[in-house]
There are 2 protein chains.
Amino acid sequence: MKISKRAEYGLMAMVCLTKNKKTISIREISNIEVIPYEFLAKIFAKLESAKLVKAKHGANGGYVLTKASNKISVNDIISALEGNKKTVDCVCCQRKTKCLAKDVWAKLEKSLNKTLEQVKLSDLIK
Amino acid sequence: MKISKRAEYGLMAMVCLTKNKKTISIREISNIEVIPYEFLAKIFAKLESAKLVKAKHGANGGYVLTKASNKISVNDIISALEGNKKTVDCVCCQRKTKCLAKDVWAKLEKSLNKTLEQVKLSDLIK
DNA sequence: GCATATCCGACCAATTTAGTCGGATATGCT
DNA sequence: AGCATATCCGACTAAATTGGTCGGATATGC
Ligand code: SF4
Ligand code: SF4
């Protein structure tokens, strides 16, 4: 029940991106937010394949958001970065007792997503 | 963002305990729910120090709930078992930018607890 | 006093997370 | 064209966490 560094860095970087509006390079973000450069590069690779940002190669390149910041939710970002999306991997199930816990996890996950879905990137740059 | 086995087993065991009403030993639960015995013992140690269950030593011993099953929430159980309670460990913060992400984590955690608090043990034994 | 329990701490193996490195590829600029 | 500056990509490693084990101490019922 913990947010990974990947997600934390990712969100911070996205906030950074939102504020700047122009293309900004990983190197710059890495300096501003004090995030290991190589690690941040990998995070952006994921964000890109989730189509949340797009890259511009070459000199003066970097990343920009693909959508307006009020169209991107925190949930989008977390989902793109967090590998273990499911709160519990239900292998339903060699156990003798019929499982009731499952419903709890489902409920939890739903409320989790809902909460994170409500918060848009644009809400974070006040 | 994943529920640990500890918590999953713990919840299952508590449900098991709720159904039985009498003292039931770790050994029995371990057999019924197919959970490694030694591991389950450690889980119960934590549940006990959180005062959710109490032990009876010696022959025909085992565990019972300390409170009525409608007084114990899933959140109580998870909290007792999950080490990394905080979704993000905020070391606020050597970063240059003022952090806005923090509010999101706080909000997330709050909604998380609320959701799990609503579900009582007694709701799970239908 | 013995069988059956919980209790306790150290220990270990597997997995996951965080971070690194080397190099390929794409682009802007002079 | 050629160089500097970027992203891109995969393999690799180190540290932390998780899941699980073991040996023995302690408490209790019969
Ligand atoms: S949550 Fe329940 S159904 Fe799912 S794997 Fe665990 S015990 Fe089985
Ligand atoms: S959430 Fe924000 S304030 Fe907290 S440690 Fe991360 S960057 Fe710092």
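In this text the structure is predicted, and so the values were computed from the model without any measurement. Reminder, nothing fancy here: chain letters follow the sequence lines and each chain counts from 1.
Annotation: side chain of A/Ser25 is in contact with side chain of A/Glu28 (closest heavy-atom distance under 4.5 Å).
A straight line from NZ of B/Lys54 to P of D/dT28 spans 14 Å, rounded to a whole angstrom. Across the protein-nucleic acid pair, B/Lys5 atom NZ and C/dA14 atom P stand 17 Å apart, rounded to whole Å. Remark: C1' of D/dT18 and CZ of B/Arg6 are 7 Å apart, rounded to the nearest angstrom. Residue B/Phe44 contributes atom CZ, which lies 14 Å from atom C1' of C/dC7 at whole-angstrom precision. Taking atom CD of residue A/Glu38 and atom C1' of nucleotide C/dG23, one finds them 12 Å apart after rounding to whole Å. The nearest whole Å value for the distance from the OH atom in B/Tyr37 to the P atom in C/dA5 is 8 Å. Rounded to whole Å, atom C1' of D/dA16 lies 13 Å from atom CZ of A/Phe39. Computed from coordinates, the B/Lys46 NZ to C/dC7 P distance equals 15 Å when rounded to whole Å.
Look at D/dA16: its Watson-Crick or wobble partner, with both distances under 3.5 angstrom, is C/dT15. Under the Watson-Crick and G-U wobble criteria, each requiring two contacts below 3.5 Å, nucleotide C/dG28 is paired to D/dC3. Pair check for C/dC8 finds D/dG23; Watson-Crick or G-U wobble, both atom distances under 3.5 Å. Pair check for D/dC30 finds C/dG1; Watson-Crick or G-U wobble, both atom distances under 3.5 Å.
Within 4.0 Å of B/Ala55, counting heavy atoms only, lie sugar-phosphate atoms of the nucleic acid but no base atom. Within 4.0 Å of B/Arg27, counting heavy atoms only, lies no atom of the nucleic acid at all.
At a cut-off of 3.5 angstrom, counting only N and O atoms as typed in the model, there is a donor on one side and an acceptor on the other between the side-chain of A/Lys42 and the base of C/dG19.
Of the possible donor and acceptor atoms, one in the side chain of A/Thr18 sits under 3.5 Å from a partner among the backbone N and O of A/Met14. The closest donor-acceptor contact from the side chain of A/Thr66 to the backbone of A/Lys51 lies under 3.5 Å.
Side-chain atoms of A/Ser79 and A/Asp76 form no donor-acceptor pair, as typed in the model, at a separation below 3.5 Å. A donor-acceptor contact closer than 3.5 angstrom links the side chains of A/Ser4 and A/Glu82.
At least one side-chain nitrogen or oxygen of B/His57 sits closer than 4.0 Å to the OP1 or OP2 atom of C/dC7. An OP1 or OP2 oxygen of C/dA18 is reached within less than 4.0 angstrom by no side-chain nitrogen or oxygen of A/Tyr9.
Annotation: of the two residues near DNA chain D, B/Asn60 and B/Ala7, the 5′-most nearest-nucleotide partner is B/Ala7.
Side chain of B/Ala59, nearest nucleotide from D/dG29, C/dG19, D/dT5: D/dG29.
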